[in-house]
Number of protein chains: 2
Amino acid sequence: MAFSKIEKFTKKDIWLADIAKALSHPARIKILKILAGMNACMCGDIVELLPLSQSTVSQHLKELKRVGLITGEIEGPKVCYCINNANLQKAKSEINKLFNQVFEC
Amino acid sequence: MAFSKIEKFTKKDIWLADIAKALSHPARIKILKILAGMNACMCGDIVELLPLSQSTVSQHLKELKRVGLITGEIEGPKVCYCINNANLQKAKSEINKLFNQVFEC
DNA sequence: TATATCTATCGTATATTTACGATTAACGAT
DNA sequence: ATCGTTAATCGTAAATATACGATAGATATA
């Protein structure tokens, strides 16, 4: 790769691509669904619901947190993960906007 | 990585992740917007609109074609790329479904 | 205070992605 | 038939992602 060319694109496109990247692994899709199904937030029993090790799940959670789709609050010895509804809403609407923009061809 | 665990997830989640992966680079987001702006399909002058080499753009086009978001028809010595509206529509609605599913928490 | 539990991080191995230049293949025009 | 144009593919290098076990840090409980 020598050097990444990512900085040559618009902030918006970089942001959209970054959200898409966070959604680009089935484990992370599943984590979002699990967190939704719990309706209150929940801690890392997520690990038991995924066919992956604790450390790998932790990495996937970190990636979702990085783009702001979830939050993780320390609660005693556990960590309580939640969907970040505001950011999810923003992601949804921006992705929709992209699709609509691409449709009008 | 030793072995990928992707086959341990549902077909639907794998498919969603795959679409997201195709959208996970700003060059591919921009390519979709370019193709939309042309409203008829167009050939690889896309290259001139991107800060990337011809071979790199070709790889990005291949990735978008792989997941079916665009089509590429040979037209003489050129290749004419188009948005695949049906597949784009499907992607849009499934991603929306995912977001709505995750919201109801 | 010692112990058990939970989760992030470190170190590491392997796979995949990104990017480029060079080459090849396919075609139209001369 | 040759030449120029277009775009895919090959070979390669470097960056990033995926996955795990081991370890470390934080905390609740005994």
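Chain naming here is simple, since letters A, B, ... match the order of the sequence lines and numbering starts at 1 in each.
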Q | Spacing between A/Asp18 atom CG and C/dT17 atom P, to the nearest angstrom | A | 17 Å
**Q.** Base C/dA8 paired with A/Gln54 side chain (donor-acceptor, <3.5 Å)
**A.** yes
Q | Any A/Thr56 side-chain N or O less than 4.0 Å from OP1/OP2 of D/dA19 | A | no
Q. What are the two closest heavy atoms between B/Arg28 and B/Ala22, and how far apart are they?
A. NE-O, 2.8 Å
**Q.** Spacing between A/Glu63 atom CD and D/dA17 atom P, to the nearest angstrom
**A.** 7 Å
Q) Of B/Asn85, B/Ile70, B/Leu32, which meets side chain to side chain contact (heavy atoms under 4.5 Å, CB included) against A/Val102? A) B/Leu32
(Q) Between C1' on C/dT7 and CD1 on A/Ile31, what's the gap in Å once rounded to a whole number? (A) 14 Å
Q. A/Ile74 near the nucleic acid: base, sugar-phosphate alone, or nothing, with a heavy-atom cut-off under 4.0 Å?
A. nothing
Q: Report the nucleotide, chosen from C/dT18, D/dA19, D/dA7, that has the shortest atom-to-atom distance to any side-chain atom of B/His25.
A: C/dT18
Q) Is a donor-acceptor pair below 3.5 Å formed from side chain A/Gln59 to base D/dA17, judging by atom type as modelled? A) no
Q.
Distance check needed: C/dT18 P versus B/Leu50 CG, whole Å only.
A. 14 Å
**Q.** side-chain hydrogen bond (donor to acceptor under 3.5 Å, both in side chains) against B/Asn87, all qualifying residues, sequence neighbours excluded
**A.** none
Q.
Tell me the interatomic distance from B/Leu52, atom CG, to D/dA7, atom C1', rounded to whole angstroms.
A. 16 Å
Q: Just call it for A/Lys21: base, sugar-phosphate, or nothing, with non-hydrogen atoms closer than 4.0 Å on any strand.
A: sugar-phosphate
(Q) Does C/dG21 have its OP1 or OP2 closer than 4.0 Å to a side-chain nitrogen or oxygen of B/Ser55? (A) no
Q | Most 5' of B/Val57 and A/Ser24 on DNA chain D, judged by nearest nucleotide | A | B/Val57
(Q) From NZ of B/Lys62 over to P of C/dA19, roughly how many Å is that when rounded to an integer? (A) 16 Å
(Q) Check this one for me: any side-chain N or O of B/Tyr81 less than 4.0 Å away from OP1 or OP2 of D/dT6? (A) no
Q: Choose from D/dG21, D/dA28, C/dG21 the nucleotide whose nearest atom is closest to any side-chain atom of A/Pro77.
A: D/dA28
Q.
By nearest heavy atom, map B/Ile6 and B/Gly44 onto DNA chain D; which one lands nearer the 5' end?
A. B/Gly44
(Q) Restricting to side-chain contact (heavy atoms from CB on, under 4.5 Å), what partner residues turn up for B/Ile14, sequence neighbours left out? (A) A/Pro26, B/Ile6, B/Phe9
Q) Side-chain contact, heavy-atom cut-off 4.5 Å: A/Ile31 with A/His60? A) yes
Q) Without hydrogens or angle criteria, can the side chains of A/Ser53 and A/Thr56 be said to hold a donor-acceptor pair below 3.5 Å? A) yes
Q. Do the side-chain N or O atoms of B/Lys78 get closer than 4.0 angstrom to the phosphate oxygens (OP1, OP2) of C/dA26?
A. no
Q) Which of the following nucleotides, C/dA8, C/dT18, C/dG21, is nearest to the side chain of B/His60? A) C/dT18
Q. When the distance from CG of A/Leu23 to P of D/dA17 is rounded to whole Å, what number comes out?
A. 14 Å
Q. Is any side-chain nitrogen or oxygen of A/Ser58 closer than 4.0 Å to OP1 or OP2 of C/dA8?
A. yes
**Q.** Distance, rounded to the nearest Å, where A/Lys8 contributes NZ and C/dT18 contributes P
**A.** 17 Å
